[in-house]
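Here's the structure, in structure tokens; my notes come after.
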Amino acid sequence: MSILKTYARLWTDDLDQALPLLAELTGAQPELRLAFQSVELAAIGDFLVIAGPADERAKYAHASATVVVEDLDALATTLKAADATVTTPMTSGPTGRFLYARHADGSEVEYVEWVPELVRRLIHQ
């Protein structure tokens, strides 16, 4: 099980307002931008920006990071062996499959297995 990328999460009311400064700071343009349920997401550099009304963003605030992994099934086995608790079971989303897990120390992370096209485009460029 390999970690392919880790994103720090940033929260904003307005994605279009947040992205210009992040583009300047990272020297990059958003690699990924999409709507997911009631929020908008953009990946830029090592940030995942989550935008929308505060009450909608709060639904995702329990996770401190988003981690892209090579194999979500292998990750689930590793998490179980480490006494982590899956708080959101494996679910399909617009970029692949994901789950949320609370580690034994109490930290919570979103883990994502991207579809092969995203891995090729964003990891193995």
Side-chain angles (χ1 to χ4, degrees):
M1 192 285 308
S2 296
I3 291 176
L4 302 176
K5 183 141 179 87
T6 301
Y7 289 108
R9 290 174 155 212
L10 296 178
W11 309 94
T12 184
D13 294 330
D14 185 326
L15 196 56
D16 290 322
Q17 187 176 15
L19 289 176
L21 176 58
L22 291 171
E24 184 177 340
L25 293 171
T26 64
Q29 291 300 310
E31 301 173 320
L32 187 63
R33 187 170 176 167
L34 59 113
F36 179 72
Q37 297 180 356
S38 55
V39 296
E40 287 184 282
L41 308 170
I44 182 168
D46 291 322
F47 297 105
L48 180 66
V49 186
I50 303 168
D55 59 329
E56 294 299 324
R57 293 190 324 254
K59 296 175 184 176
Y60 309 98
H62 53 283
S64 58
T66 297
V67 177
V68 180
V69 297
E70 187 173 59
D71 183 339
L72 200 61
D73 295 311
L75 171 80
T77 300
T78 300
L79 291 171
K80 184 176 181 179
D83 292 326
T85 302
V86 173
T87 57
T88 300
M90 271 189 224
T91 305
S92 292
T95 62
R97 300 185 306 157
F98 67 93
L99 64 77
Y100 283 78
R102 185 176 309 106
H103 297 185
D105 66 0
S107 59
E108 192 160 348
V109 177
E110 175 192 31
Y111 291 98
V112 180
E113 178 186 299
W114 278 344
V115 295
E117 186 276 323
L118 284 177
V119 174
R120 279 191 301 278
R121 183 167 63 89
L122 301 177
I123 302 296
H124 302 299
Q125 14 185 346

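Atom set for the values below is all heavy atoms of this structure, side chains included, hydrogens, waters and symmetry mates excluded.
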Worksheet item: Quick one: does Ser107's side chain have a donor or acceptor within less than 3.5 Å of a partner on Asp105's backbone?
Response: no
Discussion item. Please give me the minimum heavy-atom distance between Ala35 and Pro94, naming the atom from each residue.
Written reply: O-CG, 4.4 Å
Fill in: Pairs satisfying salt bridge (Lys or Arg N to Asp or Glu O under 4.0 Å), at least one member in residues 70-94, at least two apart
Asp73-Arg97
Worksheet item: Restricting to pairs with a member in residues 1-21, which pass side chain to side chain donor-acceptor pair (under 3.5 Å), not counting sequence neighbours?
Response: Lys5-Asp46, Arg9-Thr66, Arg9-Tyr100, Arg9-Glu110, Asp13-Arg57, Asp16-Arg33
Worksheet item: Would you find more than 12 non-hydrogen atoms of other residues, nucleotides or ligands less than 6.0 Å from Glu117 atom CD?
Response: yes
Practice prompt. Please report the C-alpha distance between Val112 and Leu72 in whole Å, then the side-chain angles of each, then the deciding distance to 0.1 Å, and finally whether the side chain to side chain contact (heavy atoms under 4.5 Å, CB included) criterion is met.
Written response: CA-CA 7 Å; Val112 180; Leu72 200 61; over 6 Å; no
Response to the item:
Taking every heavy atom of Ala104 against every heavy atom of Ala82, the minimum-distance pair comes out as CB-O, 3.8 Å
Item to complete: Using a 4.5 Å cut-off on heavy atoms from C-beta on, say whether the side chain of Leu79 contacts that of His103.
Response: yes
Fill in: Nearest atoms (heavy-atom pairs only) where Ser38 meets Pro53
O-CD, 4.4 Å
Discussion item. Assigning hydrophobic clusters by single linkage (Ile, Leu, Val, Met, Phe, Trp, Tyr; side-chain heavy-atom cutoff under 4.5 Å), is Met90 placed with Val115?
Written reply: no
Fill in: Residues that Thr85 engages under side-chain hydrogen bond (donor to acceptor under 3.5 Å, both in side chains), provided they are two or more places apart
none
Worksheet item: Between Phe47 and Leu122, is there a shared hydrophobic cluster once you connect ILVMFWY residues whose side-chain heavy atoms come closer than 4.5 Å?
Response: no
Worksheet entry | Pairwise distance CD(Glu31) to CZ(Arg121) - rounded to 0.5 angstrom | 7.5 Å
Worksheet entry | Beyond-backbone contact of Leu32 with Thr95, side-chain heavy atoms, under 4.5 angstrom | yes
Practice prompt. Apply the test side chain to side chain contact (heavy atoms under 4.5 Å, CB included) to residues Leu22 and Val49: give CA-CA distance (whole Å), side-chain angles for both, the deciding distance (0.1 Å), then the verdict.
Written response: CA-CA 10 Å; Leu22 291 171; Val49 186; 3.4 Å; yes
Worksheet item: Among side-chain atoms of Ser64 and Glu108, is any donor-acceptor pair under 3.5 angstrom?
Response: no
Worksheet item: What's the shortest heavy-atom distance between His62 and Lys59, and which atoms?
Response: CE1-O, 3.1 Å
Worksheet item: Hey, what do you get for OG1 (Thr26) to CD1 (Ile44), rounding to the nearest 0.5 Å?
Response: 4.0 Å
Worksheet item: Roughly how far, to the nearest 0.5 Å, is CZ of Phe98 from CH2 of Trp114?
Response: 14.5 Å
Item to complete: Write down the atom of Leu19, the atom of Ala42, and the distance for their closest heavy-atom approach.
Response: CD2-CB, 4.0 Å
Practice prompt. Treating Ile, Leu, Val, Met, Phe, Trp and Tyr as nodes and any side-chain heavy-atom pair under 4.5 angstrom as an edge, say whether Phe36 and Leu15 lie in one connected cluster.
Written response: no
Worksheet item: Got Ile3 and Val68 here, is their nearest side-chain heavy-atom distance under 4.5 Å?
Response: no
Worksheet item: Is there a side chain to side chain contact (heavy atoms under 4.5 Å, CB included) between Ile50 and Val39 once you walk through the steps?
Response: CA-CA 7 Å; Ile50 303 168; Val39 296; 4.2 Å; yes
